[in-house]
Trainee: 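Take this structure first; my questions come after.
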Amino acid sequence: MKGNGKMSDCVLAGIVTYNPDIALLEKNILAVVGQVDQVVVVDNHSANIQEIENLCVTYHVLLTKNMSNQGIAKAMNQIFQVAEKKGFQWVLTLDQDSILPERFVERSKKMQKEKPELEIGITAPRIYDDNTNTFLKTGSAEYDSYVSHCISSGSFIQVGMYQEIGGFDELLFIDMVDIDFCIRARLAGYKILVLHDNILRHSLGMCQKKRLFGLEIGVMQHSAERKYYMVRNRIICARRYARYKDTYKIHAVNVIIYYFISTILYERQKLKKCFCIVKGIIAGIVIRKSKVMKIMQRECFWNQ
């Protein structure tokens, strides 16, 4: 297995928070605290920070408080900085509204330790969305399976791999952060394994089911600012991985067209959101190539 052999055989769980539901966050902490060696919460300037602090004191959780919303990528890197400082070998990343399944850490750790020849960089559970009462289409329900990417919540990650591929890209801020990380992990030779019998309960946001051209689609009612990042970051990733993923540009274009259509047909604040989509397209195109490709300059990508 690649990575830093000097690290201890310990696991740090990191939870990123931003105005969380405190009752749900407590369930999150209770589900994970007995499975790992340490838990850290990185808060992106929540309005209910005092309640978060109280929870952290009650359950002996480390707390890092950002004085503004630094984004998902920055918060994730802060979690790994704690892991590096304390010498942890693995990090489990969680969203504030996820409930980790029992024994997930034990099984993930065993899989990565006992089968180093597989070079598993990330182990993940299957994701069940409580809002839609459905599973995400990632991983088989019948057997453990390799996947192209997974969401950050529930990801059991080698710290050595994280260091090798350059961590999470703070240029992206929020959307595509986990997918970008997974693409780089695979390009560096690591695999992403979903454990079929470990199910993580998660809330992906209030999704409304609509019909579009005879197909059922999910409409999330994202904010205008979020639309900007969703579009800009897809273009950045399309440019970054154009030589590695032949169909990624086409996929990005199709998704952006879908964003336009679903926003116009089904969402509120249509004009403002469409303006931010256009703004995101322009930003994704004009950003300097050197900035887009900076994270790809690491040695592990040279032979790709």
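Along the sequence shown, residues are numbered consecutively beginning with 1.
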Trainee: Counting only heavy atoms not in F275 (residues, nucleotides, ligands), do more than 12 fall under 6.0 Å from its CZ?
Mentor: no
Trainee: Mind telling me whether F173 and Y229 have parallel, tilted or perpendicular rings, with 30° and 60° as the class edges?
Mentor: parallel
Trainee: Between D9 and K113, does at least one N-O distance fall below 4.0 Å, as a salt bridge requires?
Mentor: yes
Trainee: Which heavy atom of D130 sits nearest to which heavy atom of R201, and what is that distance?
Mentor: OD1-NH2, 2.6 Å
Trainee: Do you know which two heavy atoms are closest between E170 and A73, and how far apart they sit?
Mentor: CA-CB, 3.7 Å
Trainee: Evaluate the criterion side chain to side chain contact (heavy atoms under 4.5 Å, CB included) for residue pair L200 and R126; output intermediate values, then yes/no.
Mentor: CA-CA 6 Å; L200 181 141; R126 292 176 65 220; over 6 Å; no
Trainee: Rounded at 0.5 Å granularity, tell me how far CZ in R103 sits from OG in S108.
Mentor: 12.0 Å
Trainee: Would you find more than 12 non-hydrogen atoms of other residues, nucleotides or ligands less than 6.0 Å from K270 atom NZ?
Mentor: yes
Trainee: If you look at every heavy atom in I122 and C182, which pair is closest and at what distance?
Mentor: CD1-SG, 4.2 Å
Trainee: Side chains of E53 and K65: closer than 4.5 Å at any heavy-atom pair?
Mentor: yes
Trainee: Side chain of N28, backbone of D95: donor and acceptor closer than 3.5 Å?
Mentor: yes
Trainee: Provide the closest heavy-atom pair for A238 versus A252 in the form atom of the first, atom of the second, distance.
Mentor: CB-CB, 4.1 Å
Trainee: For a 4.5 angstrom cut-off between non-hydrogen side-chain atoms, does N66 reach Q78?
Mentor: yes
Trainee: Would you compute the distance between atom NZ of K272 and atom OG1 of T263 and round it to the nearest 0.5 angstrom?
Mentor: 13.5 Å
Trainee: Distance check, rounded to the nearest 0.5 Å: L136 atom CG versus I151 atom CD1?
Mentor: 5.5 Å
Trainee: Do the non-hydrogen side-chain atoms of V39 and I15 ever get within less than 4.5 Å of each other?
Mentor: yes
Trainee: Compare all side-chain heavy atoms of K86 with those of V40 and state whether any distance is below 4.5 angstrom.
Mentor: no
Trainee: Just wondering, are more than 12 heavy atoms of other shown residues or ligands nearer than 6.0 Å to NZ in K294?
Mentor: no
Trainee: Let me confirm one number: the CG-CZ distance from L12 to F80, rounded to the nearest 0.5 Å.
Mentor: 8.5 Å
Trainee: Mind running side chain to side chain contact (heavy atoms under 4.5 Å, CB included) on I157 and M76 for me, showing each step along the way?
Mentor: CA-CA 12 Å; I157 303 170; M76 298 281 272; 5.5 Å; no
Trainee: Any side-chain to backbone donor/acceptor pair from R234 onto G284? Under 3.5 Å, distance only.
Mentor: no
Trainee: Determine, using the 4.5 Å side-chain heavy-atom cutoff (strictly less than), whether V286 and I235 are members of one ILVMFWY cluster.
Mentor: yes
Trainee: Any donor-acceptor pair under 3.5 Å linking the side chain of R298 with the backbone of E164?
Mentor: yes
Trainee: Applying side chain to side chain contact (heavy atoms under 4.5 Å, CB included), run through M296 and Y244 and close with a yes or a no.
Mentor: CA-CA 12 Å; M296 297 299 294; Y244 306 110; 3.7 Å; yes
Trainee: Would you confirm whether Q158, through its side chain, and I120, through its main-chain N or O, come within 3.5 Å as a donor-acceptor pair?
Mentor: yes
Trainee: Check for me, please, whether I29 and L24 land in the same ILVMFWY cluster - side-chain distances under 4.5 Å, paths through other members count.
Mentor: no
Trainee: Are I72 and V16 close enough that some pair of their side-chain heavy atoms sits under 4.5 Å apart?
Mentor: yes
Trainee: Can you tell me how the ring of F168 sits relative to the ring of F181, calling it parallel under 30°, perpendicular over 60° and tilted otherwise?
Mentor: parallel
Trainee: Answer yes or no: is there a donor N or O on one side and an acceptor on the other, between the side chain of R239 and the main chain of I287, under 3.5 Å?
Mentor: yes
Trainee: Quick one: pull up CD1 in I99 and NZ in K27 and give me the separation to the nearest 0.5 Å.
Mentor: 6.5 Å
Trainee: May I ask you to test the L100-L92 pair for a side-chain heavy-atom distance under 4.5 Å?
Mentor: yes
Trainee: What heavy-atom pair brings N19 and S46 nearest, and what distance separates the two atoms?
Mentor: N-OG, 2.6 Å
Trainee: Step by step, work out the side chain to side chain contact (heavy atoms under 4.5 Å, CB included) result for I52 and I22.
Mentor: CA-CA 7 Å; I52 297 170; I22 294 299; 3.9 Å; yes
Trainee: Between Q112 and F156, is there a donor-acceptor pair closer than 3.5 Å when you use the side chain of the first and the backbone of the second?
Mentor: yes
Trainee: Quick one: are E84 and V159 in side-chain contact, heavy atoms under 4.5 Å?
Mentor: yes
Trainee: Consider only side-chain heavy atoms of I, L, V, M, F, W and Y, link residues closer than 4.5 Å, and tell whether Y259 and I285 are in one cluster.
Mentor: yes
Trainee: Going through the distances and angles, do Q81 and N77 end up as a side chain to side chain donor-acceptor pair (under 3.5 Å)?
Mentor: CA-CA 6 Å; Q81 287 165 12; N77 285 334; over 6 Å; no
Trainee: Do I261 and I281 sit in one hydrophobic cluster, given that two such residues count as connected whenever their side-chain heavy atoms are within less than 4.5 Å of each other, even indirectly?
Mentor: yes
Trainee: Does Y18 belong to the same Ile/Leu/Val/Met/Phe/Trp/Tyr cluster as L62, with side-chain heavy atoms less than 4.5 Å apart forming each link?
Mentor: no
Trainee: Does N44 reach the main-chain N or O of Q70 with its side chain, forming a donor-acceptor pair under 3.5 Å?
Mentor: yes
Trainee: Do the side chains of D175 and Y228 get nearer than 4.5 Å, heavy atoms only?
Mentor: no
Trainee: So, E26 and Y59: side-chain donor and acceptor under 3.5 Å apart, yes or no?
Mentor: yes
Trainee: If we ignore hydrogens and angles and just use 3.5 Å, is the side chain of S145 paired with the main-chain N or O of S140 as donor and acceptor?
Mentor: yes
Trainee: Can a donor-acceptor pair be found, under 3.5 Å and without considering hydrogens, that links the side chain of K249 to the backbone of A242?
Mentor: no
Trainee: Where is the tightest heavy-atom contact between I127 and S153, given as atom of each residue plus distance?
Mentor: CD1-O, 3.9 Å
Trainee: Salt bridge or not for D169 and R240, using N-O below 4.0 Å?
Mentor: yes
Trainee: Looking only at atom types and distance, does a side-chain atom of Q221 sit under 3.5 Å from a main-chain N or O of Y266, one as donor and one as acceptor?
Mentor: yes
Trainee: Mind checking the CG-CD1 spacing from L63 to I49? Nearest 0.5 Å is all I need.
Mentor: 5.0 Å
